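Structure first, then comments.
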There are 2 protein chains.
Amino acid sequence: MTLDQITAFLWVARLGGFRKAAEQLHLTQPAISTRIAKLEEELATPLFERDGSGLTLTRQGTLLLSYARQMLFVQDEIRKHVADTAGLTGLFRIGASETIAQSWLPDFLKAFSAVYPRINIDLTVDISTDLRESLLTRRLDLALLMGPVSEFSVENIALPPFDLHWYCAADSAPVDLATTPVISFSAKTRPYRELMTLLARHVSPSVRVFTSTSLSASLQIIAAGSAVGPFPRALAGKLIAEGRIIEFDPGLSVSPLAFTASYLGEPRNFLAEDGAVIALQAAKEWQAMN
Amino acid sequence: MTLDQITAFLWVARLGGFRKAAEQLHLTQPAISTRIAKLEEELATPLFERDGSGLTLTRQGTLLLSYARQMLFVQDEIRKHVADTAGLTGLFRIGASETIAQSWLPDFLKAFSAVYPRINIDLTVDISTDLRESLLTRRLDLALLMGPVSEFSVENIALPPFDLHWYCAADSAPVDLATTPVISFSAKTRPYRELMTLLARHVSPSVRVFTSTSLSASLQIIAAGSAVGPFPRALAGKLIAEGRIIEFDPGLSVSPLAFTASYLGEPRNFLAEDGAVIALQAAKEWQAMN
DNA sequence: GCGGTTTACGATGAACGTAACAATA
DNA sequence: TATTGTTACGTTCATCGTAAACCGC
């Protein structure tokens, strides 16, 4: 019995196929076959039912599954608490939404790379919908997005929310939402839908709405006087300081943006777990300073 | 990280030396060195303090110790509950005291070998004192002896006790303990000391006492009319049936013999654990039939 | 010098990848 | 035919044992 065999077994059971497990573990499919065969041989019992298309866990396999989880959990605890993480190398893939990228993400990256000086970071800034998709397909280790990600497999750590304020061009005449276009988040996002509902109900069903996946581009459009919209102060700060945009109150309060640090719960990834904690701390500190 | 490395680490920590661990695991000492070195390399932290004579666990090593125990515990659970034990091979070393050997040991061995048909059994019949010593030096896997063995490392499962009855030769005149020698257990045993105390107090301090490590030999001596003594009925049965010895009541009640199935708790040995349970069951069934 | 650990090195064997095969839908 | 698991086989790399070096009582 080896930890590699147990790992292979767990992935085959989780993903429901030798091939998928092979891909996950960066091995060829026969290698997985061998590992499972060796394990079945040692335990003198079949672990999977190979009935044509699709594997099923046998009774013994089901039993092993919980033990396998326990064992690899302990292995992870060792890596986390016993191993010296200072020398840890590897690649850590972080996804962040633009609001975070423009606010405390630099602080977070600084803190993270201080704790894990040998880890390379791969950063993706995208809209939350895409980050969510990347997380679920294991292309990201940690996502800092508008959450929570409501999947049983995902752990969500709540981050401080961002209040939204309305902005218009500094030289703008008093704003009438019925005639001025509103620009905001990408149409695929939850805040967009909320904003649309709000505008339709309280202003007019025919309000013009622009959307953009880039919040900073949106703010430039606002500065140009082409639209107005609700944004976190963190993003607007620079343009406000330059005197190009100002806050105004259209009498419509948009609920704050709720963010989470989200990662897949299984398999355990202590870099993600620890990264989420570091992110929360960085966010809190940034908030206290702003 | 491999289970072999973890196992090696645990044994080095337990036994306090690479050489002893090597012996325990049937490996050469450099092999242990390699395993520990690899583990220390992977965890990027020293696990032992090598200061001249004697190893000490580092802080990280101490931490790892508990995780290692957990991990190997799970491994053992897998072997016990998932693996098909019917095909299990190996050698199982059982020690039993004579009383048990003469009573339900055959039933136990039959039941045990039915559950584990491929396990070879090495049986030692000896006095409890020696069995205890053998158990503690790992020369026995399971000991059925007058227990319990009061060592923190030993697990004791209580077995049904044996009542003691006094026997003398069938043609014996009424027995006077003041003049007839008493024969009983080896001088190194607990029942011997108890018997001596009893005789000194209630009969005479100068009672003649014979001792023998073989209870059946003792009974032959009784049959020959050379002595009398207290024995379990299980051992006397045959000579009673042959009409060569009879029970009598000297007015001295000797407390029953307390037996236990004892085995070392660490490392876990599920054959021993299970063997103890089977032994208890065999003993109970035998008792119900007698 | 002696008990015990580390280092060096050759040999064995476990496990991988490539490739061919088998089975199922 | 496409997909997926098994079998066969050559190769590579990890790990063992032997032997020598090292090190603190």
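All values derive from a computational prediction rather than experimental measurement. By convention in this document, chain letters (A, B, ...) are assigned in the order of the sequence lines, proteins followed by strands, and residues within each chain are numbered from 1.
- Side-chain proximity of B/Leu55 to D/dG17, C/dT5, D/dG5: nearest is C/dT5.
- Out of D/dT4, C/dG17, D/dT6, the shortest distance to the side chain of A/Ala31 is found at C/dG17.
- Atom CG in A/Leu47 sits about 12 Å away from atom P in D/dT6, given to the nearest Å.
- Side-chain proximity of A/Thr2 to C/dT6, C/dA15, C/dT18: nearest is C/dA15.
- Between the CD atom of A/Glu41 and the C1' atom of C/dA15 there is a distance of 14 Å, rounded to whole Å.
- Heavy atoms of other residues, nucleotides or ligands lying less than 6.0 angstrom from CD of B/Glu273 number more than 12.
- If you measure from atom CD1 of B/Ile32 to atom C1' of C/dG4, you get 14 Å, rounded to the nearest angstrom.
- Rounded to a whole Å, the CD atom of B/Glu23 is 12 Å from the P atom of C/dT5.
- Between the CG atom of A/Leu25 and the P atom of C/dC16 there is a distance of 10 Å, rounded to whole Å.
- To the nearest angstrom, C1' of C/dA15 lies 15 Å from CD of A/Gln29.
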(request) Under the side chain to side chain contact (heavy atoms under 4.5 Å, CB included) rule, what do B/His81 and A/Gln60 come out as? Steps first, then yes or no, please. (result) CA-CA 8 Å; B/His81 297 299; A/Gln60 315 281 16; over 6 Å; no

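- Atom C1' of nucleotide D/dC16 and atom NE2 of B/His26 are separated by 16 Å, given to the nearest angstrom.
- Here C/dA14 presents its P atom at 12 Å from CG of B/Asp4, a figure rounded to the nearest Å.
- We find that A/Glu194 and A/Arg190 are joined by a salt bridge, their nearest charged nitrogen and carboxylate oxygen being less than 4.0 Å apart.
- Ion pairing between a basic and an acidic side chain is recognised when a charged N comes within 4.0 Å of a carboxylate O; B/Arg35 and B/Glu41 show no such pairing.
- For A/Lys38, whose side chain is taken as the heavy atoms from C-beta onward, the closest listed nucleotide among C/dT5, D/dG5, C/dA15 is C/dA15.
- Residue B/Arg35 has a polar side-chain atom (N or O) positioned under 4.0 Å from OP1 or OP2 of D/dC16.
- To the nearest 0.5 Å, atom CD1 of residue A/Ile127 and atom CZ of residue A/Arg132 are 12.5 Å apart.
- In this structure, B/Leu27 reaches the sugar-phosphate backbone alone: every heavy-atom distance under 4.0 Å involves primed, P, OP1 or OP2 atoms, never a base.
- Listed candidates were D/dG5, C/dC16, D/dG17. Nearest to the side chain of A/Thr34 is C/dC16.
- Between B/Arg50 and C/dT6 there is a side-chain N or O to OP1 or OP2 distance below 4.0 Å.
- A/Ser33 has a side-chain polar atom (N or O) that falls below the 4.0 Å cut-off from OP1 or OP2 of D/dT6.
- Here the side chain of B/Phe18 is nearest to one of D/dG17, C/dA15, C/dT5, namely C/dT5.
- Along DNA chain C, the nucleotide nearest to A/Gln5 and the one nearest to A/Pro30 differ in position, and the one closer to the 5' end is contacted by A/Gln5.
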